[in-house]
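The structure under discussion appears below in the form of structure tokens.
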Amino acid sequence: MLDNLAESLYEEPTARLRNESITKIRSEGFIISSDPFFGPNHVMPNGYFVFRERGIVGNSLRGYEAHFTDENGNELITDGPSPIIFSNSESGWSVIVHDYVPGPGPGDFNYSFTDESRAIDEVIKYLKGTHEKFKERQSAHENIQT
């Protein structure tokens, strides 16, 4: 059993987002690279950051600012946490927001999905919809700001 566990830790996941999923995220105005940010042996294998640039309609936190670089080398700013979507060891997808260190903190989460399209919908809902975990994070952020 331990041999199988050790082998599974070093297996290289091959799951990458389908082009249709990347296109769907981009059609919402969000930024995602064509290739994963994290490699296949990272703790978030083949993980993609999804950013909502400041000024794009969606969920934001007053006074929050994080800088990122898109795949074309443009320096951009977001005013809200950015989810990561990655292939998980259960042959599915995980969506994670982990903004607090060491965490987890208010609004941090790690949800798993067996269906890629459901994971994509979760990312979009977090960035622009009504999302319980974003509301939790927003409430904690407002308490810190006052």
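Computed from a predicted structure; not experimentally measured.
Atom CZ in Arg118 sits 11.0 Å away from atom OG in Ser112 (nearest 0.5 Å). Note that CG of Asn41 and CG of Asn46 are 9.0 Å apart. Values are rounded to the nearest 0.5 Å. Taken from NE2 in His67 to CD in Glu75, the straight-line distance is 8.5 Å, to the nearest 0.5 Å. Atom-to-atom distance recorded for Ser87:OG and Tyr48:OH is 8.5 Å, nearest 0.5 angstrom. Taking NE2 from His141 and OH from Tyr64, the interatomic distance works out to 8.5 Å, rounded to the nearest 0.5 Å. Remark: Arg137 CZ to Glu132 CD distance equals 15.5 Å, nearest 0.5 Å.
Placement of Ile25 and Leu127 within a single hydrophobic cluster is found when ILVMFWY residues are connected by side-chain heavy-atom separations under 4.5 Å, directly or transitively. The hydrophobic clustering, which links ILVMFWY residues whose side-chain heavy atoms are closer than 4.5 Å, places Phe86 and Phe113 apart. No path of Ile, Leu, Val, Met, Phe, Trp and Tyr side chains, each step under 4.5 Å between heavy atoms, connects Phe51 with Phe30, placing them in separate hydrophobic clusters. In the hydrophobic cluster analysis, where Ile, Leu, Val, Met, Phe, Trp and Tyr join through side-chain heavy atoms closer than 4.5 angstrom, Ile96 is grouped together with Ile31. Hydrophobic clustering (ILVMFWY, side-chain heavy atoms < 4.5 Å, transitive): Phe49 and Leu61 are in distinct clusters.
Tyr126 is linked by a ring-ring contact (aromatic ring centres under 6.0 Å, His included) to Phe109, His131, Phe134, counting only residues two or more places apart in sequence or in another chain. The side-chain contact (heavy atoms from CB on, under 4.5 Å) test applied to Lys24 returns Ile120, Asp121, Ile124, not counting sequence neighbours.
Between Arg52 and Ser60, some side-chain heavy-atom pair lies under the 4.5 Å cut-off. Inter-residue side-chain proximity for Lys128 and Val57 is flagged as unmet; no heavy-atom pair is nearer than 4.5 Å.
A donor-acceptor pair is defined here as one N or O able to donate and one able to accept, closer than 3.5 Å; such a pair exists between the side chain of Asp70 and the backbone of Asn72. The closest donor-acceptor contact from the side chain of Asn88 to the backbone of Trp93 lies under 3.5 Å. The backbone N or O of Ala66 lies less than 3.5 Å from no partner atom in the side chain of Thr78, so there is not a single donor-acceptor pair. Put simply, the side chain of Asn59 gets close to the backbone of Gly129: a donor and an acceptor are under 3.5 Å apart.
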### Message
Let's go through Thr130 and Lys135 carefully: what are the C-alpha distance in whole Å and the side-chain angles of both, what is the deciding distance for side chain to side chain contact (heavy atoms under 4.5 Å, CB included) to 0.1 Å, and is it a yes or a no?
### Response
CA-CA 8 Å; Thr130 302; Lys135 285 183 175 182; 3.5 Å; yes
### Message
The test is side chain to side chain contact (heavy atoms under 4.5 Å, CB included); show your working for Leu17 and Ile32 and say whether it passes.
### Response
CA-CA 11 Å; Leu17 290 175; Ile32 183 171; 3.7 Å; yes
### Message
Applying side-chain hydrogen bond (donor to acceptor under 3.5 Å, both in side chains) to Arg16 and Ser21, what does each step give before you reach the verdict?
### Response
CA-CA 10 Å; Arg16 294 170 52 119; Ser21 295; over 6 Å; no
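Residues Ala119 and Val95 come closest through the heavy atom pair O-CG2, 3.5 Å. Residues Asn110 and Ser94 come closest through the heavy atom pair OD1-CB, 3.6 Å. Of all heavy-atom pairs between Pro45 and Pro40, the closest is CB-O, 3.3 Å. Minimum heavy-atom separation, Ile22 to Ser33: CD1-O, 3.9 Å. Closest of all the heavy-atom pairs between Val123 and Pro83 is CG1-CG, 4.0 Å. Contact between Asp108 and Gly103 at its shortest, heavy atoms only, is OD2-CA, 4.5 Å.
Counting Ile, Leu, Val, Met, Phe, Trp and Tyr side chains that sit under 4.5 Å apart, directly or through other members, Ile77 stands alone, with no cluster partners.
Counting heavy atoms of neighbouring residues, nucleotides and ligands inside a 6.0 Å radius, atom CZ of Arg18 exceeds 12 of them. Shown here is Phe37, whose CZ atom has no more than 12 heavy atoms of other residues, nucleotides or ligands within 6.0 Å. The local environment of CD in Glu71 is crowded, with over 12 non-hydrogen atoms from other residues, nucleotides or ligands closer than 6.0 Å.
Looking at Glu136 and Lys133, a side-chain N of the basic residue comes within less than 4.0 Å of a carboxylate O on the acidic one, giving a salt bridge.
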